[in-house]
There are 2 protein chains.
Amino acid sequence: MLKQFTIERPVRSRPDHIPADGNAFHSSIDAMGAPMYFARNSEIYGETEPAEYVYKIVSGAVRTYNVLDDGRRQIGAFYLSGDIFGLELAGEHTSSAEAITDCKILVVKRSTLVSLADRDNEVARELWEMTAVELQRAQAHIMLLIKTAQERVAGFLLEMAKRSASGRDVELPMSRQDIADYLGLTIETVSRTLTQLEKVAAINIPTSRRITLRNPVALTRLNS
Amino acid sequence: MLKQFTIERPVRSRPDHIPADGNAFHSSIDAMGAPMYFARNSEIYGETEPAEYVYKIVSGAVRTYNVLDDGRRQIGAFYLSGDIFGLELAGEHTSSAEAITDCKILVVKRSTLVSLADRDNEVARELWEMTAVELQRAQAHIMLLIKTAQERVAGFLLEMAKRSASGRDVELPMSRQDIADYLGLTIETVSRTLTQLEKVAAINIPTSRRITLRNPVALTRLNS
DNA sequence: CGACCATTTGATATGGATCAAGCGATGTGG
DNA sequence: CCACATCGCTTGATCCATATCAAATGGTCG
């Protein structure tokens with residue numbers, strides 16, 4: 001079930017909205033979505049719950065993850081403002097989702113979109129496309145997981161930079177533990193690798209949550 | 001481009017066809033598909049090629065994979081008879097595909113299916129579903145890659161056994177190197193882990209390409 | 001039979017995990 | 001407003017699972 005939380009602290013200073021780029025899917029959600037607010041670290045949905053809604057982030061950041069029996073956690077993806085997540089073809093979520101920061105999120109019933117797709121081929125195609133994009137993300141993630149620690153961290157930074165649109169300045173909403181669980185490393189290895197990248201002048205780390213790409217070319221080279 | 005090869009040796013002894021289970025997608029391919037034959041280790045399509053066709057295996061086995069600059073190969077999936085592969089939403093393949101054994105494969109134009117989907121909502125949904133199934137497979141693969149060697153191998157055997165339908169008797173069409181590249185391990189580690197599993201009486205290895213699950217419960221426990 | 005290729009087995013090396021402190025920023029209660 | 005507790009992050013020392021390097025074995029085909 002959806003659990004709503006009140007925000008105690010002001011929401012993060014991300015652009016409040018990314019324009020719906022002539023995409024029927026985004027437009028639908030923007031038009032029909034009901035805003036909800038989730039506090040930092042609160043659960044948005046759990047792994048076995050019925051997938052009743054689709055989510056679009058207005059502001060904030062979200063992680064989706066799976067947990068093995070013994071507690072190991074693998075983060076499947078990070079979602080930032082403008083991103084859509086939580087869409088399932090079948091009736092059940094295959095991952096859990098949590099707010100990394102306080103979030104404002106638009107929520108639409110999955111069934112609404114599906115019945116819309118029955119009448120509108122374009123919507124149908126975009127539902128498919130959304131899943132296809134997720135698939136590509138997952139495949140890229142697999143390729144990341146077979147690399148060395150340095151390559152994984154470099155790849156992660158490049159990916160975040162590309163999505164940040166701020167170019168070389170990356171603001172990390174997530175903790176080192178989140179990054180570690182995304183990359184399949186330990187928190188210590190992530191930390192060490194970052195300081196090492198700083199030592200070789202590939203990046204700057206003014207604060208732990210802010211990283212500047214000083215030499216993206218070198219990073220790309222390190223990425224494999 | 002598609003490259004066709006003649007088969008020198010008899011095709012593998014798998015059931016020649018798995019009945020199309022009332023699924024419009026499978027039926028369409030069965031009805032419209034043109035049979036093609038690929039020799040062992042021949043390329044079915046390459047990573048950057050236009051994704052013109054969708055493939056359904058009648059007999060044989062296929063691997064899809066990606067290669068990093070430095071040559072590291074990651075196998076994304078194994079496909080067996082009855083499986084469909086090669087479907088892309090966009091116009092380009094994101095992986096390469098090769099025949100593991102000599103294969104008989106039904107081939108249908110992607111455009112045919114897509115235009116069919118424009119008129120038939122059920123087909124549209126099944127295109128989506130096909131991608132969704134791939135996504136789930138990829139997500140399961142990610143979870144596999146964060147496990148220990150023993151867990152990965154045990155998980156792989158259980159997965160193959162489930163797909164074999166022969167229950168506890170697994171016939172492996174792929175080499176140890178293929179398995180290693182699928183599991184993100186080296187060939188030596190795969191081999192050692194298998195002999196170790198045999199030593200603890202979890203499996204039998206009558207020949208290197210045939211494995212019997214002697215204690216599936218123990219395997220499941222080892223799987224994490 | 002002999003050559004080749006896949007697989008197994010052995011010996012050693014190493015990247016990242018684990019265990020253990022230390023440090024710095026942030027928030028809280030006195 | 002300051003002292004202290006807490007939390008997230010970094011750094012250091014050591015260990016271990018898996019990679020790497022090397023060789024032996026076995027199975028298949030000409």
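The structure presented is a predicted model; accordingly, all values stated were derived computationally and were not measured. Each chain gets a letter, A, B and so on, in the order the sequences are listed, and its residues count up from 1.
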Any Lys/Arg nitrogen of [X] or [Y] sitting under 4.0 Å from an Asp/Glu carboxylate oxygen of the other?
X	Y	answer
A:Glu98	A:Arg63	yes
B:Asp178	B:Arg73	yes
A:Asp181	A:Arg176	no

Output all residues satisfying side-chain hydrogen bond (donor to acceptor under 3.5 Å, both in side chains) with B:Thr195, sequence neighbours left out; order by chain, then residue number.
none
For [N], does OP1 or OP2 lie under 4.0 Å from any side-chain N or O of [X]?
X	N	result
B:Thr189	D:dA19	yes
A:Thr186	C:dA17	yes
B:Thr195	C:dT9	yes

Measure from [atom1] on [X] to [atom2] on [N] and round the result to the nearest Å.
X	N	atom1	atom2	value
B:Gln150	D:dC16	CD	C1'	15 Å
B:Ile205	C:dA6	CD1	P	18 Å
A:Leu172	D:dT10	CG	P	10 Å
B:Leu183	D:dA17	CG	C1'	16 Å
A:Lys147	D:dA19	NZ	P	18 Å
A:Ile187	D:dC7	CD1	P	14 Å
B:Gln196	D:dA17	CD	P	11 Å
A:Arg209	D:dT10	CZ	C1'	14 Å

Are B:Tyr45 and B:Tyr55 an aromatic pair, judged by ring center distance below 6.0 Å?
yes
Under the rule for salt bridge (charged side-chain N to carboxylate O under 4.0 Å, His left out), what residues qualify as partners of A:Arg163, not counting sequence neighbours?
A:Asp83, A:Glu159
Excluding sequence neighbours, so at least two apart, what forms salt bridge (charged side-chain N to carboxylate O under 4.0 Å, His left out) with A:Glu151?
B:Arg72
Counting heavy atoms from C-beta on, name the nucleotide in C:dG16, D:dT10, D:dA19 closest to the side chain of A:Leu185.
C:dG16
Proximal nucleotide (of C:dT8, C:dT9, D:dT18) relative to the B:Ala149 side chain:
D:dT18
Heteroatom pairs (N/O) under 3.5 angstrom, protein to nucleotides 19-23 of chain C:
{"unit_1": "C:dC19", "atom_1": "N4", "unit_2": "A:Glu188", "atom_2": "OE2", "d": "3.0"}

Tell me, with the steps shown, if B:Ile211 and B:Leu172 meet side-chain contact (heavy atoms from CB on, under 4.5 Å).
CA-CA 8 Å; B:Ile211 291 182; B:Leu172 300 173; 3.8 Å; yes
Using a 4.0 Å heavy-atom cut-off across all strands, classify B:Ser208 as base, sugar-phosphate, or nothing.
sugar-phosphate
Indicate, with a heavy-atom threshold strictly under 4.0 Å, whether A:Thr207 touches base, sugar-phosphate, or nothing.
nothing
By ring pair (Phe, Tyr, Trp, His ring centres under 6.0 Å) - contacts of A:Tyr65 (at least two apart):
none
Once you build an axis from the first five pairs and another from the last five of the helix from C:dC1-D:dG30 to C:dG30-D:dC1, how far apart in angle are they, to 10 degrees?
30°
A:Arg209 vs A:Glu171, test: salt bridge (Lys or Arg N to Asp or Glu O under 4.0 Å). Steps then yes/no.
CA-CA 6 Å; A:Arg209 296 298 184 100; A:Glu171 170 107 35; over 6 Å; no
